[in-house]
Amino acid sequence: MADLQTALARTDQLYERVKRVISPPEWATFAGDVDAILELKKKHNAVILAHNYQTPEIFHGVADIVGDSLLLAREATKVDADVIVLAGVHFMAETAKLLNPKKTVLVPDLAAGCSLADSITAQDVRLMRQRYPGVPIVTYVNTSAAVKAESDICCTSGNALRVVESFGAERVIMLPDEYLAQNIAAQTAVKIIAWKGHCEVHELFTPDDIRQLRENHPGVTILAHPECPPEVVAEADFSGSTAAMSDYVGSKRPPRVVLLTECSMSDNVAVLHPDVEFIRPCNLCPHMKRITLKNIRHALETGQHAVTIDPAIAAPARRAVERMLAL
């Protein structure tokens, strides 16, 4: 592999994109892995899909496709590569595998989980179906393949309202994010039956946080993810998926903005909009931060860790995801 000076020279144009959020000494620690990953992608005909919560050196440095869960799910079906590396948490890698059963899908760290995915099991969904016979079950993509397999359709925070209303039903079960379900319920006449799952990042934000931000930063625009508690969403200026928040900043160009979501999101959007001042009272997702340049490189070098899904689970889970994408 190249020495540091060679790696720095090869990655200099990439660094120009992120120099506002990554210092030169930091980039010097990343350049060798970035350079190696770019070569390994060519060698193995691989692509890297990165969620919006990945750190800038991954998001802007080595990723081929970036976005929220919905965009990654859509784009996974269009990938022309032998290997997909999912720079995100495990359920995202499972979703990519569901949509690309014949491709190798790698997750750099098997321990990159999700509090929402951990909050519900396939047995829980079966019990909900027994308790509410005939009521459609909408499952957030932040769940395991086994949970998806017990569902009628999946959704993301970006399309949840459309999915809920697509049934034309009076009642819909929406699992597992209670706050997302409550925030969607406020926008529709459909009665939503929720689960008690919460995102450990977004549930930490409070209305007091918003009031303090407005006091400390007059005129600030506050955007909240719909996984935040409803009382937080109610006090924000806008609520939407990570893609919707990024689009809002791009189209509205608020002089000063706060994104109430995972920390790295602000860094990644700031790279795209140097004219906007970002206030960062954000929370870290410990699971997303398990993905690093070093374990992405290791995944490409060794083929670890390949995602496998029981075919009996994969078929119904794939249907639930494909129904969502068909909308």
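FYI, the numbering just counts along the sequence from 1.
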Taking only residues two or more places apart in sequence, or in another chain, which ones meet [X] in a side chain to side chain contact (heavy atoms under 4.5 Å, CB included)?
X      : answer
Asp12  : none
Ser264 : Thr55, Glu262, Asn268, Lys289
Leu72  : Leu49, His51, Ile65

Measure the shortest side-chain to side-chain distance between [X] and [Y] over non-hydrogen atoms and say whether it is less than 4.5 angstrom.
X      : Y      : result
Val18  : Glu57  : no
Phe30  : Ile22  : yes
Glu227 : Leu116 : yes
Met128 : Asp124 : no
Leu161 : Thr188 : yes
Val271 : Arg20  : no
Leu127 : Gln130 : yes
Val276 : Arg256 : no

So does [Y] get a backbone contact from the side chain of [X], meaning a donor-acceptor N/O pair under 3.5 Å?
X      : Y      : value
Trp195 : Ser119 : yes
Asp177 : Leu180 : yes
Lys148 : Val141 : yes
Arg297 : Ala36  : no
Thr11  : Leu14  : no
Thr143 : Tyr140 : yes
His44  : Leu300 : yes
Asp3   : Thr6   : yes
Arg323 : Asp152 : yes
Asn100 : Lys103 : no

Exercise for review: Kindly give the cluster partners of Val232, where membership spreads through any ILVMFWY side chain lying under 4.5 Å from a current member.
Suggested key: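 Phe205, Ile210, Leu213, Val220, Ile222, Val258, Leu260, Ile279, listed by chain and number.
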
Compile the donor-acceptor pairs under 3.5 Å between side chains in residues 104-112 and protein atoms, sequence neighbours left out, one pair per line.
from, atom 1, to, atom 2, distance (Å)
Asp109, OD1, Ala111, N, 2.8
Asp109, OD2, Arg290, NE, 3.1

Measuring from [X]:[atom1] to [Y]:[atom2], what's the distance to the nearest 0.5 Å?
X      : Y      : atom1 : atom2 : answer
Ile137 : Ser151 : CD1   : OG    : 6.5 Å
Gln5   : Arg10  : CD    : CZ    : 12.5 Å
Arg318 : Ile309 : CZ    : CD1   : 7.5 Å
Leu175 : Ile173 : CG    : CD1   : 6.5 Å
His60  : Arg17  : NE2   : CZ    : 6.0 Å
Lys252 : Leu223 : NZ    : CG    : 11.0 Å

Review point. Salt-bridged, Glu94 to Lys97, with N to O below 4.0 Å?
Key: no

Atom pairs and distances, side-chain donor-acceptor, residues 242-251, under 3.5 Å, sequence neighbours left out:
from, atom 1, to, atom 2, distance (Å)
Thr242, OG1, Asn52, ND2, 2.8
Ser251, OG, Asp247, O, 3.0
Ser251, OG, Tyr248, O, 3.4

Let me check something: do [X] and [Y] share a hydrophobic cluster, defined by ILVMFWY side-chain heavy atoms less than 4.5 Å apart, either directly or through other members?
X      : Y      : value
Phe59  : Val269 : no
Ile291 : Val62  : yes
Met92  : Val47  : yes
Trp27  : Val21  : yes
Met324 : Val190 : yes

My understanding is that only residues two or more places apart in sequence, or in another chain, count here; which of them pass salt bridge (charged side-chain N to carboxylate O under 4.0 Å, His left out) with [X]?
X      : value
Asp267 : Arg280
Arg126 : Glu150
Lys191 : none
Asp64  : Lys41

Exercise for review: Establish, yes or no, whether a centroid distance under 6.0 Å links the rings of His198 and Tyr179.
Suggested key: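 Yes.
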
Exercise for review: Assess whether salt bridge (Lys or Arg N to Asp or Glu O under 4.0 Å) is satisfied between Glu16 and Lys19, documenting all intermediate values.
Suggested key: CA-CA 5 Å; Glu16 281 298 308; Lys19 64 183 181 181; 3.0 Å; yes

Exercise for review: Could you note down all residue pairs passing side-chain hydrogen bond (donor to acceptor under 3.5 Å, both in side chains) where residues 70-84 supplies at least one of them, sequence neighbours left out?
Suggested key: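 The answer is Asn45-Asp82, Glu75-Lys78.
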
Practice item. Using side chain to side chain contact (heavy atoms under 4.5 Å, CB included) as the criterion, point out the one residue from Ile296, Leu8, Leu293 that pairs with Val34. Key: Leu293

Under a 3.5 Å threshold, yes or no: a donor from one side chain and an acceptor from the other, between [X] and [Y]?
X      : Y      : value
Ser115 : Asp118 : no
His287 : Glu200 : yes
Asp208 : Gln212 : no

Point to revise | salt bridge (Lys or Arg N to Asp or Glu O under 4.0 Å) assessment of Arg319 paired with Glu322 | key: CA-CA 5 Å; Arg319 282 196 297 271; Glu322 289 176 341; over 6 Å; no

Check your understanding: When you look at Arg214 and Asp237, which way does the salt bridge (Lys or Arg N to Asp or Glu O under 4.0 Å) test go after all the steps?
Key -> CA-CA 11 Å; Arg214 294 198 193 280; Asp237 297 300; 3.2 Å; yes

Point to revise | Chi angles and distances behind the side-chain contact (heavy atoms from CB on, under 4.5 Å) call for Phe167, Ile153 | key: CA-CA 10 Å; Phe167 290 96; Ile153 192 170; 3.5 Å; yes

Review point. Pairs in or reaching into residues 189-269: which pass disulfide (SG to SG under 2.5 Å), with residues at least two apart or in two chains?
Key: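 Output for this query lists Cys263-Cys282.
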
Practice item. For Ala50 and Ala63, work out which heavy atoms get closest and say how close. Key: CB-CB, 3.6 Å

